[in-house]
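Only this structure's heavy atoms are used, side chains among them; waters, hydrogens and symmetry mates stay out. Naming: A, B, ... by sequence-line order, numbering from 1 per chain.
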2 protein chains.
Amino acid sequence: MNAPARRRRSSGRVTLADVAREAGVSPITASRALRGERGVGPELVDKVRAAVERLGYVPDPAARALASSRSTQVAVLVPLLSNALFVDLLEAVHRVLFPAGYQALIGVTHYNPDEEEQLLRSYLAHRPAGLLVTGFDRTETARQLIQSSGLPCVHLMETTDAAGVYCVGFSQVEAGAALTRHLLARGRRRIAFVAAQLDPRTMQRAEGYRRALREAGCYDAKLELLSPERSSIALGARLLTELLATRDGIDAVFFCNDDLAQGGLLAAQRLGIRVPTDLAVAGFNDLAGSDQMVPPLTTVRTPRSEVGEAGARMLLQLMRGEQPRPSCVRLPYEVVVRQST
Amino acid sequence: MNAPARRRRSSGRVTLADVAREAGVSPITASRALRGERGVGPELVDKVRAAVERLGYVPDPAARALASSRSTQVAVLVPLLSNALFVDLLEAVHRVLFPAGYQALIGVTHYNPDEEEQLLRSYLAHRPAGLLVTGFDRTETARQLIQSSGLPCVHLMETTDAAGVYCVGFSQVEAGAALTRHLLARGRRRIAFVAAQLDPRTMQRAEGYRRALREAGCYDAKLELLSPERSSIALGARLLTELLATRDGIDAVFFCNDDLAQGGLLAAQRLGIRVPTDLAVAGFNDLAGSDQMVPPLTTVRTPRSEVGEAGARMLLQLMRGEQPRPSCVRLPYEVVVRQST
DNA sequence: CTGAAAGCGCTTACAG
DNA sequence: CTGAAAGCGCTTACAG
């Protein structure tokens, strides 16, 4: 009855061995039954389940990770939490992953490739079951770390046609062009583009803006105001003021993100500029509050929740060893026309 | 030269044993040297460090967790990521914890005690090294899970004088009272309190509001408008409209959070109400954009970054087995007077 | 101050 | 379909 009592470090924890004993099977069978591995007699599965219930067994993720070199954690890397966009993305990811038994290890890169590389290194040591990363812009080392980890990885927010790459996103270029065309359709010709952060996706929107204006024969490089500073409402106010002080005859502004646009709208009000009569103002992402602005802000509703959800589902497939088809999902965005344009 | 090649599952990973061999010491000594345990000869430490460097050794957190029943993860539970307040808090926590070798496992409870309990259960299975939780309001089961885990735990955002409880926060009651007294000092007498979410900290601010008004003999329960809905700019606009339609003679509004206040300010503008002439408007937390509103919003700057930083440092002490003194830190807030009052 | 042995709680690989 | 043995990569507990 007594276990040899020397050199024990028992944590008092209920282990798989306890469950197996209680169920009258071997630990391996209990393990297989619990993981839903096929090839275990249904009656045994029931017995094991009942024993788990009775003993209140909780599997030890560390032991599982060590033995299988796979954990139930999924590393999710996003640039920033202060952009509501990524919060929506993470919420959606969590909504899919958590019920499936996975936990999101959230890493914030601050749009800094070196920081991303460091986080990746640290998270990879934890043997995550999968990886969710934002976009394609990273250091070569980071790329190799992902590659050589052999882990399932889904790229979010951007899309590519490259083979063997899994991604869920939308065309930032097209969305930028669509919004610009809306401004052109409203009769605007001197359309400025104001951006901050200057991350890859922002620059893709800039590319869409340029394309649309070139098509219309209205492109003027001087109408671009690009700042490397971090995007914020305050910066939007500052940039609008600067824009109007240094460029003539501007009749519309496309801000690369709604926080900038909201700040621009508030600055216009302080400057006594009538929107949209004197100046049309548009943003991007349809963030909280944009519909409440005076006047309500025209913007592009981007499908970040859908991206998070579809991306997480795709990763789940990959972690199960399945082949998601298509390997790259392009989701729709929508130009939301309100009274600011 | 050849290891017995049967039944190997080697992951190809560089292990502590490799490091030990390379350094010419035993694995235990290598382990101790790496963890900075005192009582290892300085020369040996150097040798081990060099070997780690040469081999590119990365410790395996799963193995470490299994052997020591402690991981390098810290579970951090916050109510919401869509409130910028908690994003600031998390950033600060990460800034302290990550360089110290810990990773934050971020859990979002959505102000739902059952959800918190579920997350706690799931995170506790991962043997975190410590716990960071928001406030004191949770299910009895959650409380016991924390208690019986025996893990170091620091409570954030609120304070208590209860013995044996570690916390870093500020007095929500006093901050609420201070802002209310500012409105009183401005000559306002019919001061409304508009709140959403109705979480414990919001209700503590309400308590401060009541106290200050009672002291001034101005308290009127009808001036409170409390909504259980989630706080947002849009809701603030709606609540201000409702408030003014159903209450007479209101000369000031204290919104329990800045997003509501920003919405209120925008609604006032649409309604043609002059702020602060007709109505003083104040918020709470000093969130992004509040200084950019028209007029700029009076609010309370809450020390969330400081709370996150001090809380994480306190946890670090506890995880080292030290006794932080004091066990409860009360940080200062600041009433920021702008043009809306 | 340093080390040989055992153990943490699982799963893999091999058998039957 | 089920299981006994070994191993995942560390650290604890005991010795010296």
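For the pair A/Thr29 (side chain) and A/Val25 (backbone), a donor-acceptor distance under 3.5 Å is absent. Distance alone, capped at 3.5 Å, places no donor-acceptor pair between the A/Ser31 side chain and the A/Pro27 backbone. Using modelled atom types, one side-chain atom of A/Ser71 and one backbone atom of A/Arg127 make a donor-acceptor pair closer than 3.5 Å. For the pair A/Thr134 (side chain) and A/Leu77 (backbone), a donor-acceptor distance under 3.5 Å is present. Although no hydrogens or angles enter the test, the distance criterion places a donor-acceptor pair under 3.5 Å between the side chain of B/Arg138 and the main chain of B/Gly135.
Distances from the side chain of B/Thr29 to the nucleotides C/dG3, D/dA4, D/dG9 place C/dG3 closest. Minimum atom distance to the side chain of B/Ser31 is reached by D/dT11, of the listed D/dT11, C/dT12, C/dG9. Comparing D/dC10, C/dA5, C/dG9 against the side chain of A/Leu66 picks out C/dG9 as the nearest. Side-chain proximity of A/Ala63 to the nucleotides C/dA4, C/dG9, C/dG7 is greatest for C/dG9. You'll find that the side chain of B/Val25 is closest to C/dG3, out of D/dG7, C/dG7, C/dG3. Nearest to the side chain of B/Thr15, among C/dC10, C/dA13, D/dG9, sits D/dG9.
Look at CD on A/Glu37: it is 12 Å from C1' on D/dT2, rounded to the nearest Å. Note: CG (B/Leu16) to P (C/dG7) measures 20 Å, nearest angstrom. Put simply, CD1 on A/Ile28 is 17 Å from P on C/dG9, counting in whole angstrom units. Taking atom CG of A/Leu34 as the reference point, atom P of C/dC10 lies 9 Å away to the nearest angstrom. In this structure, the CZ atom of B/Arg64 is 9 Å from the C1' atom of D/dT11, given to the nearest Å. A straight line from CZ of A/Arg13 to P of C/dC10 spans 7 Å, rounded to a whole angstrom.
A/Glu116 and A/Thr139 are not linked by any side-chain donor-acceptor pair at a separation below 3.5 angstrom, with hydrogens and angles left out of the test. Side chain to side chain, A/Gln103 and B/Ser122 meet the donor-acceptor criterion of an N or O pair below 3.5 Å. Remark: the B/Gln73 side chain and the A/Gln73 side chain contain an N/O donor-acceptor pair separated by less than 3.5 Å.
Checking the phosphate oxygens (OP1, OP2) of C/dG3, a side-chain nitrogen or oxygen of B/Ser26 falls inside 4.0 Å. One finds a side-chain N or O of A/Arg35 lying less than 4.0 angstrom from the OP1 or OP2 phosphate oxygen of C/dT11.
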Watson-Crick or G-U pairs under 3.5 Å in DNA chain C, rendered as dot-bracket with [ ] for crossing pairs and | for another strand: |||.||||||||.|||
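Within the structure, side chain to side chain donor-acceptor pair (under 3.5 Å) contacts touching residues 39-58 of chain B (residues at least two apart or in different chains) are B/Glu22-B/Arg54.
Listed by residue number, B/Val40, B/Gly41, B/Leu44 are the residues of residues 40-58 of chain B with a heavy-atom contact under 4.0 Å to DNA chain C.
Taking the ring centroids of B/Tyr166 and B/His155, they lie at or beyond the 6.0 Å cut-off.
Residue-to-nucleotide contacts include a donor-acceptor pair under 3.5 Å from the side chain of A/Arg32 to the base of D/dG3.
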